[in-house]
Amino acid sequence: QVQLVESGGGLVQAGDSLRLSCAASKRTFSAYGIGWFRQAPGKEREFVAEINWRGSNTEYADSVKGRFTISRDNAKNTVYLQMDSLKPEDTAVYYCAADQFPYGSSRLRVGTWGQGTQVTVSS
């Protein structure tokens, strides 16, 4: 089981950038696809982005395409979410999640959640 910890959230102004990090405590992190999700007050948790275990494929929600970039550094057991051109509607708690199975070849099926990090974008 992979243990995940998010960091990097904060309060920023519209148009600013943030980079979120998802760090794993286990060496087996490199075998799992990782996704980012977010949940705003009063709304359901929604998919943001994911990256497969190789780092060779990525997927993004339409709402963040062209603005957010997911990447991973398996040597550091870390996945990043670079968020540029932030908008007030990006305000949410952001969670990273690991796939239920290692070496997955399909879209992410969440097996483990991190604790979340707050991102607040003011106008």
Side-chain angles (χ1 to χ4, degrees):
Q1 188 176 11
V2 179
Q3 185 174 337
L4 306 173
V5 178
E6 302 95 332
S7 63
L11 174 62
V12 298
Q13 192 174 43
D16 285 351
S17 297
L18 281 174
R19 188 176 75 162
L20 306 183
S21 297
C22 174
S25 61
K26 303 294 184 181
R27 190 175 183 179
T28 53
F29 171 86
S30 62
Y32 289 83
I34 301 293
W36 285 97
F37 298 76
R38 67 187 183 187
Q39 187 166 22
K43 298 186 67 176
E44 295 183 345
R45 190 170 299 185
E46 65 178 355
F47 168 78
V48 176
E50 68 179 274
I51 187 167
N52 73 340
W53 66 273
R54 290 190 184 92
S56 58
N57 289 304
T58 59
E59 298 287 343
Y60 298 92
D62 288 342
S63 59
V64 305
K65 285 181 179 177
R67 299 189 298 119
F68 290 10
T69 304
I70 188 171
S71 62
R72 69 188 302 159
D73 186 343
N74 285 341
K76 296 182 178 180
N77 288 345
T78 303
V79 167
Y80 304 98
L81 184 68
Q82 178 67 42
M83 305 185 295
D84 298 323
S85 301
L86 283 163
K87 304 174 181 179
E89 50 263 45
D90 295 318
T91 295
V93 176
Y94 283 71
Y95 301 87
C96 66
D99 201 347
Q100 183 177 1
F101 304 105
Y103 305 108
S105 59
S106 61
R107 293 293 299 273
L108 182 72
R109 295 162 294 177
V110 175
T112 304
W113 292 99
Q115 87 289 349
T117 185
Q118 177 71 47
V119 173
T120 303
V121 184
S122 66
S123 59

Going by salt bridge (charged side-chain N to carboxylate O under 4.0 Å, His left out), name the pairs with one or both residues in residues 66-77, residues two or more places apart or in two chains.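 Matches after skipping sequence neighbours: R67-D90.
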Cluster link W53 to L4, ILVMFWY, side chain under 4.5 Å: no
How close do [X] and [Y] get, counting heavy atoms only, and between which atoms?
X   : Y   : answer
T78 : F29 : N-CE2, 3.6 Å
A40 : T91 : CB-O, 3.6 Å
L81 : A49 : CD1-CB, 4.2 Å

Answer yes or no for R19 and Y80: cation-pi contact, defined as NZ/CZ to six-membered ring centre under 6.0 Å and angle to ring axis within 45°.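 Geometry flag: set, cation within 6.0 Å and 45°.
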Taking side chain to side chain contact (heavy atoms under 4.5 Å, CB included) as the definition, give me every residue that meets it alongside K65, ordered by chain and number, with sequence neighbours left out.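 Result, side chain to side chain contact (heavy atoms under 4.5 Å, CB included) vs K65: Y60, D62.
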Under the side chain to side chain contact (heavy atoms under 4.5 Å, CB included) rule, collect the residues that match up with Q115, sequence neighbours excluded.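 Per chain and number, Q115 pairs via side chain to side chain contact (heavy atoms under 4.5 Å, CB included) with V5, E6.
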Let me have the donor-acceptor pairs involving side chains of residues 116-123, under 3.5 Å, with sequence neighbours excluded, atom names and distances please.
unit_1, atom_1, unit_2, atom_2, d
T117, OG1, G9, N, 3.2
Q118, NE2, A92, O, 3.4
Q118, NE2, T120, OG1, 3.3
S122, OG, V12, O, 3.4

Quiz: residues 96-113 side-chain donor-acceptor pairs under 3.5 angstrom, not counting sequence neighbours:
unit_1, atom_1, unit_2, atom_2, d
D99, OD1, R109, N, 3.2
R107, NE, E50, OE2, 2.7
R107, NH2, E50, OE2, 3.1

In Å and rounded to the nearest 0.5 Å, what is the [atom1] to [atom2] distance from [X] to [Y]?
X   : Y   : atom1 : atom2 : value
L11 : L18 : CG    : CG    : 9.0 Å
R45 : R38 : CZ    : CZ    : 13.0 Å
T69 : M83 : OG1   : CE    : 11.0 Å

By ring pair (Phe, Tyr, Trp, His ring centres under 6.0 Å), Y95 pairs with (sequence neighbours left out) none
Hey, is the main chain of N52 close enough, under 3.5 Å, to the side chain of N57 for a donor-acceptor pair?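 Judged by distance alone, no pair lies under 3.5 Å.
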So do the side chains of F37 and F47 get within less than 4.5 Å of each other, counting heavy atoms only?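 Yes, side chains in contact.
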Heavy-atom side-chain proximity of L86 to F68 below 4.5 angstrom: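 Contact flag for L86/F68 side chains = yes.
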